[in-house]
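Notes follow once the structure below has been shown.
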Amino acid sequence: MSIVPNATPGQQALELSRGTKYEAGIKTEFLDGKLSATLAADEITKTNVVTTYQTNSDFSIAAGEVKSQGIELDIAG
């Protein structure tokens, strides 16, 4: 793994991206363990997201913040 610094066309270094994830869930069983269910929700927030500069792909720009939210339900039995 290597860390490559991102540079803007003005050769200014960009801040590193940071991420935060929150997840909560519940798990239960029915029918004496023959059927199980899991429900989970999560939220991921990433700051200082970097993207390629449109007019020169050798450079990057800070695109801001990206957020993702999701819900997952698993049923097995």
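Model, not experiment: these values are computed from the prediction. Along the sequence shown, the residues carry numbers beginning at 1.
Under the 4.5 Å side-chain heavy-atom criterion for ILVMFWY residues, a single connected hydrophobic cluster contains both L31 and I26. In the hydrophobic clustering of this structure, L73 groups with I71; members are Ile, Leu, Val, Met, Phe, Trp, Tyr whose side-chain heavy atoms approach within less than 4.5 Å, directly or through other members.
The line from CD1 of I75 to CG of L35 is 7.0 Å long, rounded to the nearest 0.5 Å. Within the model, atoms CG of L39 and NZ of K27 stand 13.0 Å from one another, a figure rounded to the nearest 0.5 Å. E72 CD to E23 CD: the interatomic distance, rounded to the nearest 0.5 Å, is 8.0 Å.
When side chains are defined from C-beta on, K67 counts as touching E43, because their heavy atoms get closer than 4.5 Å. Contact check for T45 versus E65: side-chain heavy atoms found under the 4.5 Å cut-off.
In this structure, S17 contributes its side chain and N48 its backbone to a donor-acceptor pair below 3.5 Å.
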